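The block underneath contains the structure these notes are about, expressed in C-alpha cells.
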Amino acid sequence: MTTSTTVRPLVLPPARWAVWAAWAAPLGVLPSAVWRTTVGIGDGHTLAETVYMLVLSFLTVGLAFLTVGLVQSWGQTFPRWIPRAAGRPVPARAVTWIAQVGGVLLVLITMYGVLNNVFGFVAKGPTLIGPEKEYEQPEVWVNYLYLPAAAWGFLVLAVARDYARRMTGRVTGPPADPLRSNAANKG
C-alpha cells in the first residue's frame with residue numbers, strides 16, 4: 001500500500017506586522033462594502049443597479065481577503081479540488097507579481113480618487129448602468145467609510161514584499177521576530 005504525500009518546502013513564518021496588515025486589508029474595505037450593500041438594496045435602485053452594487057461589494061471584500069492568503073498556509077499550496085495541481089506549491093513568483101501589480105493598481109486608483117476629489121479633474125463620472133438619474137449626494141460621513149479602504153493597495157504591497165522574502169528564504173533585513181530566531185539558534 002502506497003500513500004502519496006506532498007512534501008511542502010520549508011517556508012519562513014510571516015512577520016507579525018505582515019499578518020496584521022494582511023487582515024487589515026479586508027477589514028479596511030468592509031465598511032464601504034456594507035454601506036454600498038445597504039444603499040444598493042434600498043433607495044429605489046433598479047435590479048441591475050442593485051446587482052451591480054452587491055457584486056462590487058462582495059468582489060472587493062473577496063479580493064481584499066486574498067491578501068490574507070499571503071500569510072496563511074492556504075496561500076502556499078493549491079487546494080485539493082484543483083485537478084493536476086492539488087497539493088502542489090503555488091508558484092511564489094507569480095503570486096508575488098500578481099500581488100504587486102494589484103497593489104500598484106490599487107494605489108494608483110486611490111491616488112486618482114484623492115487627487116480628483118481635491119482638484120476636481122472630472123466633475124461627474126460616467127453612468128455605467130441604467131438611464132441617467134439624479135440621486136442624492138451621499139452625506140459627508142460616507143467618505144469616512146471609504147477612508148480605511150485607501151490603505152488597501154499599500155497593505156497589499158507590504159504583505160507581498162514579506163511573502164516574497166519568506167518564499168525565497170532570503171532575509172534582507174532584521175529577523176521578523178527576534179524571539180523566534182534566538183530560539184531557533186539555541187535549539
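Nothing here was measured: the structure is a model prediction, and the numbers come from that model.
Grouping the Ile, Leu, Val, Met, Phe, Trp and Tyr side chains by contacts below 4.5 angstrom, directly or via other members, places Tyr163 with Val19. In the hydrophobic clustering of this structure, Leu106 does not group with Leu155; members are Ile, Leu, Val, Met, Phe, Trp, Tyr whose side-chain heavy atoms approach within less than 4.5 Å, directly or through other members. Follow the hydrophobic side-chain contacts under 4.5 Å out from Phe119 and you never reach Met111; the two are in separate clusters. Residues Met53 and Leu59 do not share a hydrophobic cluster, defined by chaining ILVMFWY side chains whose heavy atoms lie under 4.5 Å apart. Val104 and Val101 are members of different hydrophobic clusters when ILVMFWY side chains are connected at heavy-atom separations under 4.5 Å.
Remark: of the listed residues Pro89, Pro91, Pro83, Pro91 is the sole one forming a side-chain contact (heavy atoms from CB on, under 4.5 Å) with Phe78. Looking at Thr96, Val159, Asp162 one by one, the single match for side-chain contact (heavy atoms from CB on, under 4.5 Å) with Leu70 turns out to be Val159.
Residue Trp74 qualifies as enclosed at atom CH2: its count of foreign heavy atoms under 6.0 Å is above 12.
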Worksheet item: What's the verdict on side chain to side chain contact (heavy atoms under 4.5 Å, CB included) for Gln76 and Met167, showing C-alpha distance, side-chain angles and the deciding distance?
Response: CA-CA 9 Å; Gln76 298 171 11; Met167 293 299 127; 3.8 Å; yes
Practice prompt. With side chain to side chain contact (heavy atoms under 4.5 Å, CB included) as the test, would you mind laying out the steps for Leu66 and Leu63 before giving the verdict?
Written response: CA-CA 5 Å; Leu66 288 177; Leu63 288 173; 3.9 Å; yes
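Residues Gly28 and Pro31 come closest through the heavy atom pair O-CD, 3.5 Å. Nearest heavy atom pair, residue Val107 against residue Leu157, reads CG2-CD1, 4.0 Å. In terms of heavy-atom proximity, Ala33 sits nearest to Ser57 at O-OG, 3.2 Å. The minimum heavy-atom distance linking Ala22 with Val71 is given by the pair CB-CG2, 3.7 Å.
With hydrogens and angles disregarded, a donor-acceptor distance shorter than 3.5 Å links the side chain of Asn116 to the backbone of Phe121. At least one donor-acceptor pair closer than 3.5 Å links the side chain of Glu49 to the backbone N or O of Thr46. Checking side-chain atoms of Arg165 against main-chain N and O of Leu12 turns up no donor-acceptor pair under 3.5 Å. Put simply, the side chain of Thr50 gets close to the backbone of Gly40: a donor and an acceptor are under 3.5 Å apart.
A heavy-atom distance below 4.5 Å is not found between the side chains of Pro13 and Arg166. Looking only at side-chain heavy atoms (C-beta outward), Val29 and Pro148 stay at 4.5 Å or farther from each other. Using a 4.5 Å heavy-atom cutoff, the side chains of Ile82 and Pro79 are in contact.
Note on ring orientation: taking the six-membered ring where Trp is involved, the planes of Phe65 and Trp23 are perpendicular (angle over 60°, cut-offs 30° and 60°).
Checked against the 6.0 Å centroid criterion, the rings of Trp152 and Tyr146 do not qualify as a close aromatic pair.
Between the CZ atom of Arg36 and the CG atom of Leu145 there is a distance of 10.0 Å, given to the nearest 0.5 Å. Expressed to the nearest 0.5 Å, how far OG of Ser32 lies from CG of Asn143 amounts to 11.5 Å.
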